[in-house]
A.B. asks: 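Got a structure for you, questions after.
Numbered from 1 within each chain, the chains take letters A, B, ... in sequence-line order.
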Protein chains: 2
Amino acid sequence: MPPRPRIADVADIAGVSRTTVSHALSGRRPVSDEAKAKVIAAVKELDYRANQLAVNLRLQRTQTIAFVMPDITNPFYPMVARGVQDTIRDAGYQVVVCSTDGDPVREAAFLSDMVSRAVDGLIIDLFRTPAHAVEALVGKHTPAVMLGPMKAPPIGDRVHGDDRVSVAEATRHLLRSGRTRIAFAGGPPGIGPGGIRQSGYEDALLGAGVAVDRKLVISADYTRDGVRVAVEAALADGLDVDGIVCANDLGAIGALDALRAHGRSVPDDVAVIGFDDIDAAALVHPALTTIDNRAYEKGTVCGRLLLQRISGELDGPFRDIIVPGSLVVRDSA
Amino acid sequence: MPPRPRIADVADIAGVSRTTVSHALSGRRPVSDEAKAKVIAAVKELDYRANQLAVNLRLQRTQTIAFVMPDITNPFYPMVARGVQDTIRDAGYQVVVCSTDGDPVREAAFLSDMVSRAVDGLIIDLFRTPAHAVEALVGKHTPAVMLGPMKAPPIGDRVHGDDRVSVAEATRHLLRSGRTRIAFAGGPPGIGPGGIRQSGYEDALLGAGVAVDRKLVISADYTRDGVRVAVEAALADGLDVDGIVCANDLGAIGALDALRAHGRSVPDDVAVIGFDDIDAAALVHPALTTIDNRAYEKGTVCGRLLLQRISGELDGPFRDIIVPGSLVVRDSA
DNA sequence: TGGCGTACGCAAACCGGTTTGGGTGAACTG
DNA sequence: CAGTTCACCCAAACCGGTTTGCGTACGCCA
């Protein structure tokens, strides 16, 4: 089994120098038709493909962008990833995905590692690493886009939804149907997107002249089981509730589990609203009313932004792009 | 904004040679405590991190493994990916995911590209590229594991389920409950895992003395909509059926859609069984009886196998590892 | 025939690390 | 005191491409 052919092998067979092979293949300098033909013949004969490692080192780029996300098994992220990949593929880029489980150690490790691997761009969705720490990890050489509503100072463009507005709208949807004891089930305080979504919930309540009752704010995490347990505990505790706005769909599904376990019917006794509109939202029973988080579109926006930053087509101040969500009314509310 | 520090900068500040810096950091040769201390101080001062591109070129490895899959938004694959990542992370490897949509052009392009990027290992799940073509694309230098029941000649280890046995068991489950008109809904003939699963279906039927009725074999694809449409068409056509075994869960969910649209109750009129046990299987109504495809375990097995091949700890003939599935009985059958 | 411009090919430098092979001085040995 | 051994460090080669800068051959023109 022969080793992979190198450019020198091609040059030997074609009877020209390595330089000429390089120029013939890249077209960056003119090469006579005769030489070009010989090079192409040699390439075909050897099945030569350039070693990208060498190209990367010389050019200091990798045609790779990294996507650092909290959880690859949360369907929102694969959908974003697909949007990213569909957008950058034609430009010759690949995407490497890094699932951190929201662990700050792993978040930092991935970020640092990707930078030293010289990825050309980063898409970052962090749970527990504060913005100022990101700056130290990533530096200023690598274009980055922050996915989600991370607080300033950003080190790159941001693309996010108008979560606060969307959740307010969802909450008003419940208020309009006459609900008055509306709870919010989110993640741990200050972690992930729950905080800003909770603000939207409070906006709507206050706008309707309803006081925010601390007992109605349930803090859990963003998993099905976590929210199920938290809601069950609240119900067992005698919580008086006729609607639950959840920080994400997985959590909302957990809330459905809990309500079913306590014999409450949805939406008659308690209405439930999620966030994300993952595929499963339409599958559960009753089908989940939720907010479409536009995962695929966000992916394409991130991809385009990065491509533009890399090419220099876009520079100057960081942009802040909002991909608005929209309420999808199904059966649960 | 200064450029990234190089090893020469560290060497200058520490007052030693680049060689010594390298040895001090890698530990591959002994270095005096004094020199080591100076190197470490300089590294800290500069926040030096080695440029992995250079390391990769010199060492001819990338600490990267590529996972080429048909569809990243099919929840089975993210779960496998998580298993892979959890297994290889501690060894310092990352995973890049490539979603091909089953397009043979893209399958070939990704494979070829990953090899020229010198990934250290490949996990491959192909829909439309035949095995012999894979060999030409991948060559013999890159360890690979084929996920799924690809036919010979393999170019690497294989890990797959005993799909034929599992589906036979599932089919017998229906036969035992007195069903006699059992259909099979799979992908297009010869594409993807449908074929071998169909064999299991036929095994069970023949084993029970039931003839296989061609009209009961519905060929569609592996998406929810594709199977819904195909099953609706069959029902509209007057198909007499009291059970459907599907090649995957997404398809089974589509079958549920179709049955509901035609007013058939599940499982009373028609029983439905899926394959994979994705999260959604437990969410649909009625909850789907299915075969647990052990996605996460398969990911860990692939990861371990690759690590062993890369390290040379494992060599010799390609292995064929079976991760058996198991029937998960819920409400739909 | 001499002067000049153009087209094209090549040697060498470069990217930033790791590894090899040789050299030096100190400690130890007989 | 000469001969070894050992611990340590360094210069140079190397990975495999791309790019720079220069040299040469050739055509064109006066």
A.B. asks: Under 4.0 Å, heavy atom to any atom of DNA chain C: which of residues 16-25 of chain B qualify?
C.D. replies: B:R18, B:T19, B:S22, B:H23
A.B. asks: Taking C-beta and beyond as the side chain, do B:K140 and B:E135 meet within less than 4.5 Å on heavy atoms?
C.D. replies: yes
A.B. asks: Looking at side-chain heavy atoms only, is the closest gap between A:R6 and A:D9 below 4.5 Å?
C.D. replies: yes
A.B. asks: Looking at residues 35-59 of chain A, who's got a heavy atom less than 4.0 Å off DNA chain C?
C.D. replies: A:A35, A:L57, A:R58
A.B. asks: Could you tell me if B:R117 and B:T64 have a donor-acceptor pair between their side chains, going purely by distance under 3.5 Å?
C.D. replies: no
A.B. asks: Would you kindly give the CD-to-P distance between B:Q63 and C:dG17, to the nearest whole Å?
C.D. replies: 16 Å
A.B. asks: On DNA chain D, does the nearest nucleotide to B:V31 precede the nearest nucleotide to A:A8 from the 5' side, or the other way round? Give the residue.
C.D. replies: B:V31
A.B. asks: Could you tell me the separation between the CZ atom of B:R6 and the C1' atom of C:dC14, rounded to a whole number of Å?
C.D. replies: 11 Å
A.B. asks: More 5' along DNA chain D: B:Q60 or B:S32, using each one's nearest nucleotide?
C.D. replies: B:S32
A.B. asks: Regarding B:T19 and B:S22, is there a side-chain donor-to-acceptor distance under 3.5 Å anywhere?
C.D. replies: no
A.B. asks: Taking atom types as modelled, is there a side-chain donor on A:E107 or A:T129 under 3.5 Å from an acceptor on the other?
C.D. replies: yes
A.B. asks: So if I apply the side chain to side chain contact (heavy atoms under 4.5 Å, CB included) rule between B:P5 and each of B:I13, B:L46, B:D12, which one comes out positive?
C.D. replies: B:L46
A.B. asks: I'd like to check B:T100 versus B:R128 (side-chain heavy atoms, cut-off strictly below 4.5 Å). Are they in contact?
C.D. replies: no
A.B. asks: At less than 3.5 Å, do the side-chain atoms of B:R29 and the base atoms of C:dG21 form a donor-acceptor pair?
C.D. replies: yes
A.B. asks: Going by atom types alone, do A:D71 and A:Y222 pair a side-chain donor with an acceptor below 3.5 Å?
C.D. replies: no
A.B. asks: Between C1' on D:dC15 and CG on A:D9, what's the gap in Å once rounded to a whole number?
C.D. replies: 14 Å
